[in-house]
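A short write-up of the structure that comes next.
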Amino acid sequence: MHNENEMLNFIDKIVAKEVEEGKVSKVITRFPPEPNGFLHLGSAYAINISYSIAKKYGGTFNLRFDDTNPTKEDISFVESILGDMDWLGIDYGSEPLYGSDYSDQIFDYAKYLVLQGKAFMCDLSAEQMREYRGTLTEPGRNSPYRDRTIEENLQLFMDMRAGKFNEGEKVLRAKIDMANPNITLRDPVIYRIIQAHHYRTEDKWCIYPMYDFAHPIQDYIEGVTHSLCSNEFVNNRALYEWTLNNLDLPNTLPRQIEFGRLNLTGVVTSKRYLKQLVDSGVLEGWDDPRLPTLQGLRRRGYTSSSIFAFLNEIGVPKVEATVDVSMFEHALRQDLKADSRCLMAVLDPLKVVITNLDDTEYLEADNNQENAALGTRKIPFTREILIDREDFSENPPKKYNRLVPEGEVRLKNGYFIRCNEVIKDASGWIVELHCTYDPETKSGSGFTGRKVKGTIHWVSASLGLPCVVRLYEPLFTSKPSEDDLLSAINPNSLITLNDAVIEPAFRDFSGAGDTHFQFLRQGYFVCDNRLTSTDRPVFNRIVSLKSSYKR
RNA sequence: UGGGGUAUAGCCAAGUUGGUAAGGCACAGGACUUUGACUCCUGCAUUCUCUGGUUCGAGUCCAGAUACCCCAGCCA
């Protein structure tokens, strides 16, 4: 592992230099989600970039809801986002901030622009404006309303603010340059009329600032020094700076720096796609464990610490990067292995009768071989036990280290057992195995008499707890496109095993608050807090264990 | 010849004022093993999108070319 000082990402380098040169004294960054959707992995990525910079330089990090469009935003999203921030463990000061709280100031700045002759009221319809805007290769044309007097513009703007016009009838535009090759600068709209109830300002306003105008002002008001956002805003930077530079602001201006988007192989994070998926009903909602929403990841059992470990490992790209999910899975295993208790659970049970055992014996087992602090537990060894069907084979392939007819394996934490008889039903289906155990070979006894090819996990048939285990695979079998999003869905993205059984010690750990476990030889699992009932736990597989076994 | 951004292994990603390609993931071998896990070894770019040039020496400098991404919402 590298240490942070060696792995300065490009943004860190810029900030380090500015701090060193004394250009900024206190670093302030921010995360400005629009409360119109749920946070997802990409959000965590953006949060981490700004948050870690602020933390590293002893600065502060603001959470600011960018709520300048009442038609899309809702209080339920701010609540959900607040919950996610909490889960991530992000310190954003005592209170979240709201862009809408600066409405008066933003309005005043717009008025200032009008007074300076740098903004004008335009009557062009949206469609006309598009025509006047030009194209990527052709310059635009000036609006016929561009030369209104300052007085007229001011009057009209006040009238607009007073609600004298209908939606779409008029807008306030910055007067910049219709021929600028950067379309963002072609007299952009900075205020428009929206007759809608705002969840915070309620009905105080009927006009709302556009992102490009509001954002730099919001940053400035908060004293943000580094406004970090994704690459899609590079073109907007020119307008961000134009706005700041034309407002005659006394204090240090914030600087916008863009970073590349994060993609994960097989994972879709765009809001539109996620909505389409959830609306289709093929998932269980926004917190479906297959979704990269923070709620989904949490339910899936992903820990926030593993998310940050992963995020810090991939760095900050300048261009869009597609990281292999295996890197994320690696971070997950690393994070989970040290403090998860390791239990035994059988997913696809095959009954085994230990013919020479009559009395139940309680065996002792480490909860985590590498972390003695996690203690030990007792495991009941009974006459009838359950093993996983795939741990027995009548026609074993080469290098099969499990149970075979007349073969011997060790029961983890128990004894060697030998398979003497395979019982089948009329159709040839294996119903149960008859085995004998060797008392000499007890776990921890130091028995060295003979070797066994492998060790398998097992659970008492009579004392094990029935449970449901949900296995997950990538949501998509192929890279989904916009129109065949649903057809690309992996039919095996969720496999539910209803006959699984887990050792009884689970109850004690669960009762003590444990949620994440390793199921020996199988992977890491989390107790699903939505589906688990008092009489039957439901587990989600977080991630499987690595395996060098090749079938 | 719209403008802008970016190019280092299968995937991320370091690479100081030019000095002879870090690290991680994945993968492949091997050691260890009462989890086919973990851990530990070993291997994995004669080459940095390409082509020229400058230089004793270029991933780093210069010139040209190519590829990919972003922008034409009164969304953010």
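Lettering of chains follows the sequences in order, A, B, ..., and the numbering in each one begins at 1.
When distances are taken from the side chain of A:Lys72 to each of B:U6, B:C75, B:G2, the shortest belongs to B:C75. Side chain of A:Glu232, nearest nucleotide from B:U6, B:A76, B:U35: B:A76. Among the nucleotides B:A28, B:A76, B:C74, the one closest to any side-chain atom of A:Ala126 is B:C74. Distance from the side chain of A:Lys412 is smallest to B:U35 among B:A26, B:U35, B:C12. The nucleotide whose nearest atom lies closest to any side-chain atom of A:Val234 is, among B:A72, B:G4, B:G3, B:G4.
Spacing between B:U1 and B:U6 at atom P, rounded to whole Å, works out to 23 Å. Separation of the P atoms belonging to B:C11 and B:G43 is 23 Å when rounded to the nearest angstrom. For B:A9 and B:G5, the C1' atoms lie 24 Å apart once the distance is rounded to whole Å. The same atom, P, is picked in B:U8 and in B:C50; the two are 10 Å apart, to the nearest Å. Straight-line distance between the C1' atoms of B:A13 and B:G24: roughly 8 Å, to the nearest whole Å. Comparing the P positions of B:A37 and B:G30 gives a spacing of 13 Å, expressed to the nearest Å.
Taking the ring axis of A:Phe107 as reference, the NZ or CZ atom of A:Arg161 stays within 45° of it and closer than 6.0 Å to the ring centre. Relative to the ring axis of A:Phe120, A:Arg173 does not place its NZ or CZ within 45° and under 6.0 Å from the centre. Stacking of A:Lys318 on the aromatic ring of A:Phe10 is recorded, both the 6.0 Å distance cut-off and the 45° axial limit being met.
No engagement by A:Pro32 is indicated, since no non-hydrogen atom pair under 4.0 Å with the nucleic acid exists. Looking at heavy-atom distances under 4.0 Å, A:Ile314 makes contact with sugar-phosphate atoms alone, never a base. Across all strands shown, A:Val323 has heavy atoms under 4.0 Å from sugar-phosphate atoms exclusively, and none from any base. Using a 4.0 Å heavy-atom cutoff across all strands shown, A:Asn36 reaches no nucleic acid atom at all. Looking at heavy-atom distances under 4.0 Å, A:Gly444 makes contact with a base. If you check every strand for non-hydrogen atoms under 4.0 Å, A:Lys442 touches a base.
The distance between the ring centers of A:Phe539 and A:Phe519 falls below 6.0 angstrom. Taking the ring centroids of A:Phe77 and A:Phe65, they lie at or beyond the 6.0 Å cut-off.
Contact annotation: A:Thr68 side-chain N/O to B:A76 OP1/OP2 distance is under 4.0 Å. In this structure, A:Arg133 reaches the B:C74 phosphate: one of its side-chain N or O atoms is under 4.0 Å from OP1 or OP2. OP1 or OP2 of B:C71 has not a single side-chain nitrogen or oxygen of A:Arg186 nearer than 4.0 Å. Under 4.0 angstrom from either OP1 or OP2 of B:A76 there lies at least one side-chain N or O belonging to A:Arg192.
Taking a pair to require two hydrogen-bonding distances under 3.5 Å in either a Watson-Crick or a G-U wobble arrangement, B:C75 remains unpaired. Pair check for B:C68 finds B:G5; Watson-Crick or G-U wobble, both atom distances under 3.5 Å. For B:A58, there is no paired nucleotide, since no Watson-Crick or G-U wobble pair has both relevant distances below 3.5 Å. When Watson-Crick and G-U wobble pairs are counted only if both distances are under 3.5 Å, B:G10 pairs with B:C25. B:A31 and B:U39 make up a base pair, with Watson-Crick or G-U wobble contacts both under 3.5 Å. Under the Watson-Crick and G-U wobble criteria, each requiring two contacts below 3.5 Å, nucleotide B:U16 is left unpaired.
In this entry the distance linking CZ of A:Arg30 with P of B:A76 reads 15 Å, nearest Å. With rounding to whole Å, A:Lys275 atom NZ is found 17 Å from B:A76 atom C1'. When rounded to the nearest whole Å, the span between CG of A:Asn312 and P of B:G24 equals 17 Å. Distance CG (A:Asp12) to P (B:U16): 16 Å, rounded to an integer number of Å. For the pair A:Glu313 CD and B:A14 P, the interatomic distance rounds to 11 Å; values are reported in whole Å. Between the C1' atom of B:A72 and the CG atom of A:Asn236 lies a distance of 13 Å, rounded to the nearest Å. Nucleotide B:A13 holds its C1' atom 13 Å from the CZ atom of A:Phe310, rounded to whole Å. Distance, A:Leu136 CG to B:G3 C1': 9 Å, rounded to whole Å.
Side-chain N/O atoms of A:Asn69 and base N/O atoms of B:A76 include no donor-acceptor pair closer than 3.5 Å. Judged by distance alone, with hydrogens and angles left aside, A:Asn180 brings no side-chain donor or acceptor close enough to the base of B:G3 to form a pair under 3.5 Å.
The closest donor-acceptor contact from the side chain of A:Thr265 to the backbone of A:Val325 lies under 3.5 Å. With hydrogens and angles disregarded, no donor-acceptor distance shorter than 3.5 Å links the side chain of A:Asn180 to the backbone of A:Arg186. Counting only distance, with no hydrogens or angles, the side chain of A:His516 and the backbone of A:Gly301 share a donor-acceptor pair below 3.5 Å.
Positionally, the nearest nucleotide of RNA chain B for A:Asn182 lies more toward the 5' end than for the other of A:Asn182 and A:Arg410. Place A:Met210 and A:Phe519 on RNA chain B by their nearest nucleotides, and A:Phe519 ends up nearer the 5' end.
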* To do: Summarise protein proximity over nucleotides 36-41 of chain B in one line of letters, 5' to 3': B for base, S for sugar-phosphate only, - for none, counting protein heavy atoms closer than 4.0 Å.
  => BBBS--

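The salt bridge (charged side-chain N to carboxylate O under 4.0 Å, His left out) analysis of residues 363-373 of chain A, with sequence neighbours excluded, yields the pairs A:Glu364-A:Lys378.
In this entry the base of B:G18 is anti relative to its sugar, with a glycosidic angle more than 90° from 0.
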* To do: Show your reasoning for whether salt bridge (Lys or Arg N to Asp or Glu O under 4.0 Å) applies to A:Arg148 and A:Asp123.
  => CA-CA 11 Å; A:Arg148 292 217 251 229; A:Asp123 300 1; 2.5 Å; yes

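In this view, A:Gln518 and A:Tyr524 satisfy the side chain to side chain donor-acceptor pair (under 3.5 Å) rule, not counting sequence neighbours.
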